[in-house]
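In what follows, a single structure is set out as structure tokens and then discussed.
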2 protein chains.
Amino acid sequence: MIRDHLRDAIVDRRLAPGTKLNEAEVGTLFDVSRTVVRAALQALAFEGLVKTERNRGSFVANPTPDEARQVFASCRLIEPGLAPAAAQQMTTSEVAAFRERLHHESDLLNQRGPTARRAEIHASGDFHLLLAKIAGNTILLRFMEELVARSSLVIALYGRSGASSCGHGDHGNILSALEAWDGEQAAQLVLAHIDHIEADLDLRATGNLTPRRAGHPGDGVPIVSGDYDGQRASTKQF
Amino acid sequence: MIRDHLRDAIVDRRLAPGTKLNEAEVGTLFDVSRTVVRAALQALAFEGLVKTERNRGSFVANPTPDEARQVFASCRLIEPGLAPAAAQQMTTSEVAAFRERLHHESDLLNQRGPTARRAEIHASGDFHLLLAKIAGNTILLRFMEELVARSSLVIALYGRSGASSCGHGDHGNILSALEAWDGEQAAQLVLAHIDHIEADLDLRATGNLTPRRAGHPGDGVPIVSGDYDGQRASTKQF
DNA sequence: CGTGCCGAAATTGTATGCAATCTTACCGGT
DNA sequence: ACCGGTAAGATTGCATACAATTTCGGCACG
């Protein structure tokens with residue numbers, strides 16, 4: 001649960017890359033002991049969202065441009081392979097879920113404000129996860145969860161356009177191909193979509209090289225808003 | 001470190017699938033507190049080698065035939081994509097490392113006894129990891145580490161022929177293609193190799209359905225042999 | 001003024017203690 | 001004999017305590 005909240009905060013950029021995640025501080029924030037915090041941090045370290053250095057602590061990941069490229073290279077390998085499987089196995093109710101999510105997405109797209117933007121980013125990520133879920137391979141689904149989370153961080157770091165990446169209506173096209181049972185076409189569209197996203201990035205050696213003055217957790221936007229009553233869905237982006 | 005030892009034990013089948021991993025017991029075995037054991041178990045749960053149930057404990061994973069198929073489906077997606085990248089980036093020293101590993105492998109193939117068999121399995125897995133390492137994508141490398149470990153478990157569970165899977169000389173052919181810079185060919189050979197491996201499996205609904213009498217850790221072959229002085233390389237198989 | 005060293009404070013790594021939950025064995029009832 | 005309930009034991013989840021390591025400020029020295 002704490003892990004999910006921290007992941008949200010990282011992906012949302014409420015925790016700046018490079019920020020030190022003090023175990024005691026985070027523990028106080030969520031009102032749990034360091035034991036639980038350590039478990040959450042270990043989990044996030046696995047997902048690549050935080051980097052842990054022995055005897056020094058954990059830090060929000062600050063992916064280099066090279067790592068960013070690796071994230072998208074991995075996506076390019078896995079996601080197009082998901083599409084044909086999804087096209088085969090998709091049920092009508094899943095199509096409905098997809099459509100609903102798309103509407104939600106475009107709604108958010110038309111709203112203003114950072115909250116809507118964040119929600120849009122999450123919804124957009126969930127699109128990709130839904131694709132993976134329908135494909136039916138739980139291992140690849142988990143890989144995609146990690147890749148989506150990491151790509152969110154990358155986009156937050158290197159993204160150029162405010163409306164980053166998802167204004168093209170790519171998702172709609174992909175869904176259409178899926179509905180037409182055309183896995184091949186869907187795979188192609190997915191690839192093109194990833195190209196679009198990566199094209200919106202500015203990966204010129206900045207980022208990690210600037211040892212940014214990373215604030216404490218608690219400076220900017222609050223990490224835990226109100227009561228964290230759990231039951232939060234996955235929260236990623238593309 | 002404890003994580004690596006446990007992983008070795010699981011992959012080697014010294015810990016039978018389904019075996020309960022009692023925190024206190026494992027802690028005594030390695031002479032550490034439960035805290036450390038829990039961290040190791042959490043890590044292995046992430047890799048899919050142990051399953052943890054809340055308030056009930058951790059158990060060595062007992063993959064179903066369906067999970068097994070998912071493992072290989074994932075491999076089929078990722079590994080062929082690795083081959084072209086590896087073919088491009090391979091240096092002469094890496095070729096040498098490959099050749100050496102291959103010789104080592106065939107040496108082990110000609111030996112008898114369970115020790116040699118295990119070493120062969122490990123070496124065989126390392127071949128695949130070396131491929132991923134050369135491809136240069138650390139994220140995909142980590143995915144492959146997980147897939148190789150899981151496939152080892154699957155082969156241990158469902159493998160049919162004793163000389164499982166790797167007598168074909170597939171590895172040699174793959175290396176040849178890589179040396180010829182023929183990434184396309186290498187990818188094809190990798191796919192064929194995965195087919196060979198999966199063909200050697202017997203995935204007919206047994207396995208998880210038989211709630212096997214899982215022994216305690218400590219029954220069969222010892223889990224920790226002598227002093228566990230760390231510095232053990234990765235230890236997987238194909 | 002800059003540099004290196006030392007000690008205090010802070011932070012992480014590990015062990016241990018306690019409460020909550022699950023497992024198991026026993027026991028009475030049917 | 002079988003079944004359900006219950007209490008004791010065992011095991012996990014979490015919090016806390018302590019040791020090891022790092023970080024940071026001050027101070028002497030060049």
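A note on names: the letters A, B, ... follow the listed sequences, proteins ahead of strands, and every chain is numbered from 1. Everything numeric here is computed off the predicted structure, so don't read it as measured data.
- Checking B:Ser58 against A:Val36, the closest nucleotide of DNA chain D that is more toward the 5' end is the one next to B:Ser58.
- Under the 4.5 Å side-chain criterion, counting only non-hydrogen atoms from C-beta, A:His128 is in contact with A:His171.
- A:Glu47 approaches A:Glu146 most closely through the heavy-atom pair O-CG, 3.4 Å.
- For B:Asn55 and D:dG13, the shortest distance from a side-chain N or O to OP1 or OP2 is not below 4.0 Å.
- Using a 4.5 Å cut-off on side-chain heavy atoms (C-beta onward), A:Glu105 and A:Ser124 make contact.
- Along DNA chain D, the nucleotide nearest B:Arg56 and the nucleotide nearest A:Arg56 are compared for position; the residue whose nucleotide lies closer to the 5' end is B:Arg56.
- For B:Arg38, a side-chain nitrogen or oxygen approaches OP1 or OP2 of D:dG13 to under 4.0 Å.
- In this entry the distance linking CZ of B:Phe30 with C1' of C:dG13 reads 19 Å, nearest Å.
- Here the P atom of nucleotide C:dT16 and the CG atom of B:Asp31 are 10 Å apart, to the nearest Å.
- Here D:dA15 presents its C1' atom at 13 Å from CD1 of A:Ile2, a figure rounded to the nearest Å.
- For C:dC22, the OP1/OP2 oxygens have no side-chain nitrogen or oxygen of B:Lys20 closer than 4.0 Å.
- Here D:dT22 presents its P atom at 15 Å from CD of A:Glu23, a figure rounded to the nearest Å.
- Taking the side chain as every heavy atom from C-beta outward, B:Asn62 and B:Leu153 never approach each other to under 4.5 Å.
- Distances shorter than 4.0 Å separate none of the side-chain N or O atoms of A:Thr35 from OP1 or OP2 on D:dC14.
- B:Arg3 has its CZ atom 16 Å from the C1' atom of C:dG13, to the nearest Å.
- Protein atom CG of A:Asn22 is 17 Å distant from nucleotide atom P of D:dT22, rounded to whole Å.
- One interatomic measurement links the two molecules: CD of B:Gln42 to P of D:dC14, which rounds to 11 Å at whole-angstrom precision.
- Residue A:Arg54 is classed as a sugar-phosphate contact, given heavy-atom separations below 4.0 Å to backbone atoms only.
- Taking all atoms of both residues into account, the shortest heavy-atom contact from B:Gln89 to B:Ala135 is NE2-O, 3.7 Å.
- Side-chain N/O atoms of B:Arg34 and base N/O atoms of D:dG13 include a donor-acceptor pair closer than 3.5 Å.
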